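Remarks on the structure that follows.
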Amino acid sequence: MLFNVSMMAFAASMANLLWNAGWLGKASWSSLSVTLSATTAAFFLGQTVPVAAIIKLTQSTSMRRAWMSIVQLSFPYYVVSAGITSMLTLVSHRFGWQAAMVVFP
């Protein structure tokens with residue numbers, strides 16, 4: 001449990017550092033959607049790569065194979081959670097956070 005909590009904190013801090021990076025917001029090609037996509041990718045990698053490394057150390061498998069197995073299992077959940085988050089944000093901005101809590105309990 002301690003490992004899982006620490007990996008969540010690590011991934012969240014990686015995503016936060018990228019989100020608040022000054023160079024990313026000042027780039028001419030950057031937009032909010034690019035920044036959000038890069039931050040999401042950093043969060044995903046921050047959670048899956050260390051777990052794949054631990055699996056590699058404990059089992060006799062390659063890191064790439066372990067990571068691909070994790071990606072196949074968890075990527076759909078990231079996509080669904082991103083969709084739910086965007087819906088909650090839309091409802092919250094339009095009608096207030098109370099409405100978002102009523103619509104999505």
Side-chain angles (χ1 to χ4, degrees):
M1 189 166 102
L2 182 61
F3 176 75
N4 290 337
V5 170
S6 65
M7 285 301 96
M8 181 62 79
F10 173 72
S13 64
M14 273 183 53
N16 183 39
L17 286 172
L18 191 60
W19 181 262
N20 292 316
W23 62 269
L24 189 58
K26 294 177 185 175
S28 62
W29 50 266
S30 180
S31 67
L32 182 60
S33 60
V34 170
T35 305
L36 185 58
S37 298
T39 304
T40 303
F43 184 76
F44 183 72
L45 291 172
Q47 280 195 315
T48 57
V49 170
V51 173
I54 294 296
I55 291 173
K56 180 198 180 304
L57 291 174
T58 59
Q59 298 176 0
S60 60
T61 184
S62 70
M63 176 119 168
R64 183 181 183 281
R65 183 177 304 244
W67 185 74
M68 287 303 293
S69 173
I70 293 170
V71 167
Q72 288 177 346
L73 292 173
S74 61
F75 187 73
Y77 294 105
Y78 277 87
V79 172
V80 169
S81 65
I84 291 172
T85 302
S86 65
M87 287 186 287
L88 280 171
T89 303
L90 178 68
V91 170
S92 176
H93 284 261
R94 181 83 169 126
F95 302 108
W97 67 269
Q98 296 90 350
M101 291 287 98
V102 170
V103 173
F104 301 101

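Residues take their numbers from the sequence shown, with the count starting at 1. Everything numeric here is computed off the predicted structure, so don't read it as measured data.
Note on V49: it clusters hydrophobically with Y78, by side-chain heavy-atom contacts below 4.5 Å among ILVMFWY residues. One hydrophobic cluster, built from ILVMFWY side chains closer than 4.5 Å, cannot hold both I54 and M68; they sit in different ones. The hydrophobic cluster containing V51 also contains F10, counting ILVMFWY residues as joined when their side-chain heavy atoms lie under 4.5 angstrom apart, directly or transitively.
Environment of CZ in F3: crowded, with over 12 heavy atoms of neighbouring residues, nucleotides or ligands closer than 6.0 Å.
Here the side chain of S13 pairs a donor or acceptor atom with the backbone of A9 at under 3.5 angstrom.
Side-chain contact between F43 and M8: present, with at least one pair of heavy atoms (C-beta onward) separated by less than 4.5 Å. Looking at W67 and L45, their side chains come closer than 4.5 Å, going by heavy atoms from C-beta outward.
Across all their heavy atoms, T39 and A15 have their closest contact at CG2-O, 3.3 Å. The two atoms that bring V71 and P76 nearest to each other are O-CD, 4.2 Å, heavy atoms only. Taking each heavy atom of A52 and I70 in turn, the nearest pair found is N-CD1, 3.7 Å. For the residue pair P50 and M7, the shortest heavy atom distance occurs at CB-SD, 3.0 Å. Nearest heavy-atom pair across A11 and G46 is CB-C, 3.7 Å.
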Please assess F75 against V79 for the test side-chain contact (heavy atoms from CB on, under 4.5 Å), listing each intermediate value before the final yes or no. CA-CA 6 Å; F75 187 73; V79 172; 3.6 Å; yes
